Amino acid sequence: MATLSTPPVSLPRHPNTTTTTVNNDLLSLIDQCTNTKQLQQVHARMLRTGLFFDPYSSSKLITASALSSFSSLDYARRVFDQIPQPNLYTWNTLIRGYASSSEPSQSIVVFLEMLYRGCELPNKFTYPFVIKAASELKDLLIGTGFHGMVIKSSLGSDVFILNSLIHFYGSCGDLDLAYRVFLNIPKKDLVSWNSMITAFVQGNYPNKVFEMFREMELENVKPNDITMLGVLSACAKKVDIEFGRWVCSYIERNEIRVNLTLNNAMLDMYVKCGSIEDAKRLFDNMQEKDVVSWTTMLDGYAQLEKYDEAHRVFEAMPCQDIAAWNVLISSYEQNGKPKEALATFRKLQTSKTAKPDEVTLVSTLSSCAQLGAIDLGRWIHVYIKKQGIKMNCHLTTSLIDMYAKCGELEEALEVFNSVERKDVFNWSAMIAGLAMHGRGRAALDLFSRMLEAKVKPNAVTFTNILCACSHTGLVDEGRNLFHQMEPIYGVVPGLKHYTCMVDILGRSGHLKEAMQFIEEMPIAPNASVWGALLASCRLHGNVELAEKACSQLLELDPKNHGAYVLLSNIYAKSGKWDQVSGLRKFMRDSGLKKEPGCSLIEVNGIIHEFLVGDNSHPLSKEIYSKLDEVATRLKSVGYAPNESHLLQLVEEEGMKEHALNLHSEKLAIAYGLIGMGPSQPIRVVKNLRVCGDCHSFAKLISRLYEREILLRDRYRFHHFKEGHCSCMDFW
DNA sequence: GTAGGGTTAG
């Protein structure tokens with residue numbers, strides 16, 4: 001490695017020229033350097049000739065080491081430390097270098113060092129750099145401090161500084177402050193408008209963006225490509241294709257310079273608005289395309305679940321970087337195809353064309369959570385640690401969610417406790433985890449701790465905490481929290497919260513109050529709200545209210561199979577067989593199909609899937625004889641299948657008992673008994689709600705076979721142990 | 001000799 005004493009062998013010598021020429025040549029050599037080594041050689045020469053101690057020259061060296069394409073800030077800092085009396089320009093260069101580096105906090109450290117040494121005072125160039133650093137750090141306190149200093153040093157009307165403050169407040173999510181700065185700029189320029197528009201885009205206020213755009217027109221400020229990027233992004237967020245198309249023609253009419261980035265933004269707008277045709281037309285006409293253009297097209301097809309097309313794009317891309325893989329994996333995960341997501345993840349691993357990043361792992365963990373695939377989930381956790389992948393809040397939230405949904409509440413808590421700066425998503429995921437395991441009190445305690453930690457709950461937090469109340473029958477607590485949402489926490493209750501409240505009230509038998517609650521809703525109830533009431537009516541056998549809820553539900557969602565099922569269960573429970581068969585006939589005639597019950601079980605890292613009455617499994621024979629054996633043992637302890645849980649889908653009475661035997665969760669449990677060691681808990685994930693019969697079945701198995709069973713259904717966990725269930729039979 | 005606004009995946 002070259003040191004300062006290494007002779008600069010590769011540099012041309014100029015023995016016959018004057019000192020000035022040598023110096024000028026040296027300085028111009030700085031611009032020609034393409035790596036740090038060359039720069040070090042120039043540096044060494046400058047030290048020998050004494051040129052280094054000329055402030056202008058040493059600053060040039062700092063600029064090159066801090067801002068060039070091969071920049072090394074460590075080196076820049078070492079150069080800086082050799083300068084006996086750095087001037088303001090030199091300080092600014094170093095501050096600027098750090099501001100856009102991976103360590104923006106260093107920018108502020110250097111700034112404070114400068115103040116502390118007391119030789120130089122910051123000027124109008126210094127502030128945009130440190131404010132940028134504060135934006136990168138999203139540190140409201142520090143940035144606000146700079147804002148104060150700017151005003152005190154009477155730089156408060158400098159448009160460059162004010163524009164960077166808009167950007168800063170915007171990236172901290174404080175749009176009010178950003179807008180206040182904007183309004184107070186005496187002479188706004190285009191960048192002021194653009195900064196404000198971008199802040200509104202990032203804060204997810206597309207309407208405000210449109211408002212600003214109109215105002216610009218009124219004030220005769222001509223937009224440029226950056227403005228249009230913001231406006232297009234707002235169209236994408238609003239899913240407003242009409243306006244989006246208009247914006248594209250506006251760009252054309254007003255001869256706004258269209259570069260690759262702007263084309264990509266148009267593509268993205270078309271894709272987000274669901275018009276793959278427009279996107280394709282533009283894409284085909286684009287002279288220049290980059291990886292973003294390709295990834296955006298890929299995303300367009302994947303979002304629409306046109307996977308054949310998506311794969312064609314994927315294969316045709318010039319390079320399949322991790323973003324492309326992530327598009328595929330996350331679209332599978334979000335479109336309810338977790339198995340395909342995991343298969344794609346495995347392909348990524350074998351292809352080795354790209355390295356999984358946090359986004360990949362978040363989607364993959366979420367797929368594991370959906371499937372209950374604890375083995376792969378754990379493997380990813382280890383992978384993250386081994387690869388030294390930086391844990392961010394997205395990742396820790398996914399891990400918490402994965403462990404909780406795979407039944408490992410303790411491990412979820414372990415991850416949660418290890419997070420130093422917990423964000424609202426970490427807290428919400430943990431509350432949801434406790435809720436689904438029926439630990440309502442613990443969820444409420446955690447919510448209090450969250451408030452103590454000064455983390456502001458959001459709409460999701462409230463859905464989760466209300467859910468916790470409903471699973472544990474905490475009626476008063478739920479009611480109180482619901483009423484505090486808006487006045488105390490500023491979260492306007494949405495349909496999900498109303499649904500939870502109806503569930504809390506109805507499930508605990510307060511059917512009248514639940515009905516009244518719905519009638520007093522300020523927003524129109526949707527199918528879920530009525531569905532929650534209907535489910536409660538089933539639980540408490542209220543036929544009259546059930547019919548009402550059902551008719552409302554079907555008015556909103558005529559194809560809701562669940563409504564017919566619930567109603568027919570209610571009729572069956574009260575012995576109204578005529579109505580039951582009438583409903584059945586109607587369902588048959590209108591071609592309504594029940595979503596087939598399906599259970600998953602992971603054995604030795606492989607996911608096995610069972611449908612009702614499934615006999616496609618290679619070990620099907622063994623599974624059924626296991627079930628027979630279980631049935632005999634259970635009968636001997638007095639278990640009789642509860643036929644009222646059987647939906648009246650089986651014609652012959654004698655078939656009922658048999659049909660109950662075929663529920664997918666029973667098949668999965670039987671397979672677990674065969675395939676898993678006696679000390680391993682049997683983990684089953686079911687897509688529908690577990691029926692009462694299977695619930696008693698699982699309880700008895702846990703006692704007779706001394707096996708723990710973790711059954712996750714559509715709504716929650718049932719943890720069977722020694723003949724009891726964690727839900728205390730309240731579900 | 002120094003400055004501010006930007007497109008893809010969660």
Side-chain angles (χ1 to χ4, degrees), chain A residues 27 55-57 59-60 62-63 66-67 87-97 99-100 123-132 135 155 158-168 170-171 181-182 185 188-202 223-233 236 258-269 271-272 289-300 302-303 317 321-331 333-334 354 356-366 392-395 397-398 401 425:
Chain A
L27 283 187
Y56 175 77
S57 308
S59 297
K60 227 172 141 55
I62 301 259
T63 311
L67 304 170
N87 64 16
L88 184 53
Y89 176 83
T90 321
W91 282 105
N92 284 348
T93 309
L94 194 63
I95 291 170
R96 174 188 176 197
S100 41
N123 64 359
K124 61 175 181 172
F125 294 107
T126 321
Y127 284 109
F129 301 140
V130 282
I131 293 169
K132 187 195 172 90
S135 313
L155 288 167
D158 183 284
V159 71
F160 276 84
I161 296 177
L162 293 173
N163 289 347
S164 42
L165 280 168
I166 296 176
H167 177 75
F168 160 71
S171 32
V181 174
F182 174 79
I185 300 180
K188 300 177 188 56
D189 64 6
L190 180 54
V191 179
S192 317
W193 288 91
N194 286 349
S195 303
M196 199 57 236
I197 284 183
T198 309
F200 280 135
V201 169
Q202 279 159 359
N224 67 355
D225 52 330
I226 308 282
T227 322
M228 301 325 288
L229 283 176
V231 178
L232 282 168
S233 189
V258 178
N259 53 20
L260 179 58
T261 308
L262 191 51
N263 264 330
N264 284 344
M266 289 195 256
L267 264 189
D268 181 54
M269 181 278 293
V271 159
K272 294 238 166 74
K289 295 168 184 136
D290 66 357
V291 69
V292 175
S293 335
W294 283 94
T295 312
T296 307
M297 283 308 288
L298 173 64
D299 188 34
Q303 297 288 319
M317 290 178 76
D321 66 356
I322 192 61
W325 287 95
N326 288 345
V327 166
L328 278 181
I329 295 174
S330 72
S331 101
E333 182 257 309
Q334 290 186 352
D357 65 2
E358 302 97 77
V359 179
T360 327
L361 298 171
V362 165
S363 303
T364 310
L365 282 170
S366 168
N392 58 23
C393 284
H394 282 299
L395 257 183
T397 302
S398 302
D401 183 59
F425 297 100

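Not measured: the values here are computed from a predicted model. Chain identifiers are assigned alphabetically (A, B, ...) following the order of the sequence lines, protein sequences preceding nucleic acid strands; residue numbering begins at 1 within each chain.
Across B:dT8, B:dA3, B:dT7, the shortest atom-to-atom separation from the side chain of A:L229 is found for B:dT7. Closest contact between the side chain of A:N123 and the listed nucleotides B:dT2, B:dG5, B:dG10 involves B:dT2. Closest to the side chain of A:V292, from the set B:dA9, B:dT8, B:dG5, is B:dT8. Checking B:dT8, B:dG1, B:dG5 against the side-chain heavy atoms of A:Y89 singles out B:dG1 as nearest. Side-chain atoms of A:Y56 lie closest to B:dG1 of the nucleotides B:dG1, B:dA3, B:dG10. In the set B:dG6, B:dA3, B:dG5, B:dA3 carries the atom at the smallest distance from any side-chain atom of A:F125. Minimum atom distance to the side chain of A:T261 is reached by B:dG6, of the listed B:dG6, B:dG5, B:dA3. For A:V191, whose side chain is taken as the heavy atoms from C-beta onward, the closest listed nucleotide among B:dT2, B:dT7, B:dG5 is B:dG5. Of the candidate nucleotides B:dG5, B:dT8, B:dG10, B:dG10 has the atom nearest to the side chain of A:V362. With B:dT8, B:dG6, B:dG10 as the choices, the nucleotide that has an atom nearest any side-chain atom of A:V359 turns out to be B:dG10.
For the pair A:D290 (side chain) and A:S293 (backbone), a donor-acceptor distance under 3.5 Å is present. A:N224 places a side-chain N or O within donor-acceptor distance of the main-chain N or O of A:T227, the cut-off being under 3.5 Å. Of the possible donor and acceptor atoms, one in the side chain of A:S195 sits under 3.5 Å from a partner among the backbone N and O of A:V191. At distances below 3.5 Å, at least one donor-acceptor pair connects side-chain atoms of A:D321 with backbone N or O atoms of A:A324.
Taking atom CG of A:D189 as the reference point, atom P of B:dA3 lies 15 Å away to the nearest angstrom. One interatomic measurement links the two molecules: CD of A:Q202 to C1' of B:dT7, which rounds to 12 Å at whole-angstrom precision. Here B:dG6 presents its P atom at 20 Å from CE of A:M269, a figure rounded to the nearest Å. One atom, CG of A:D290, and another, P of B:dA9, lie 13 Å apart when rounded to the nearest Å. The separation between A:N194 atom CG and B:dG6 atom P is 9 Å, rounded to whole Å. Whole-Å rounding puts the A:D225 CG to B:dG6 P distance at 12 Å. For the pair A:M228 CE and B:dG5 P, the computed distance is 20 Å after rounding to whole Å. Here the P atom of nucleotide B:dT7 and the CG atom of A:L260 are 13 Å apart, to the nearest Å.
Phosphate proximity of B:dT7 to A:K289: absent, as no side-chain N or O sits under 4.0 Å from OP1 or OP2. Listed pair A:Q334 / B:dA9 fails the phosphate criterion, with no side-chain N or O lying under 4.0 Å from OP1 or OP2.
Contact annotation for A:D158: base contact, defined as any heavy-atom pair under 4.0 Å involving a base atom. Within 4.0 Å (heavy atoms only), A:K60 reaches no atom of the nucleic acid at all. Within 4.0 Å of A:N263, counting heavy atoms only, lies no atom of the nucleic acid at all. Residue-level contact check: A:N392 touches the bases, meaning some heavy atom is under 4.0 Å from a base atom. Across all strands, A:N92 comes closer than 4.0 Å to base atoms (heavy-atom distances). A:H167 comes within 4.0 angstrom of the backbone, heavy atoms only, and of no base. Residue A:T93 is classed as having no contact, given no heavy-atom separation below 4.0 Å to the nucleic acid. Here A:Q303 lies out of heavy-atom contact (under 4.0 Å) with every strand. When heavy atoms are screened at a 4.0 angstrom cut-off, A:S59 is found touching base atoms of the nucleic acid. If you check every strand for non-hydrogen atoms under 4.0 Å, A:E358 touches a base.
By the 5.5 angstrom centroid cut-off and the 30-degree plane limit, A:F160 is classified as stacked against the base of B:dA3.
Taking only distance into account, the side chain of A:N224 meets the base of B:dG5 through a donor-acceptor pair shorter than 3.5 Å.
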Inset, instruction - Decide side chain to side chain donor-acceptor pair (under 3.5 Å) for A:D189 and A:S192; before the verdict, give the C-alpha distance in whole Å, the side-chain angles of both, and the deciding distance to 0.1 Å. - result: CA-CA 5 Å; A:D189 64 6; A:S192 317; 2.9 Å; yes
Inset, instruction - Any chance you could lay out the side chain to side chain donor-acceptor pair (under 3.5 Å) test for A:S398 and A:S366, step after step, and finish with the verdict? - result: CA-CA 6 Å; A:S398 302; A:S366 168; over 6 Å; no
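The only option from A:D268, A:N263, A:V291, A:V327 that meets the side chain to side chain contact (heavy atoms under 4.5 Å, CB included) definition with A:T296 turns out to be A:D268.
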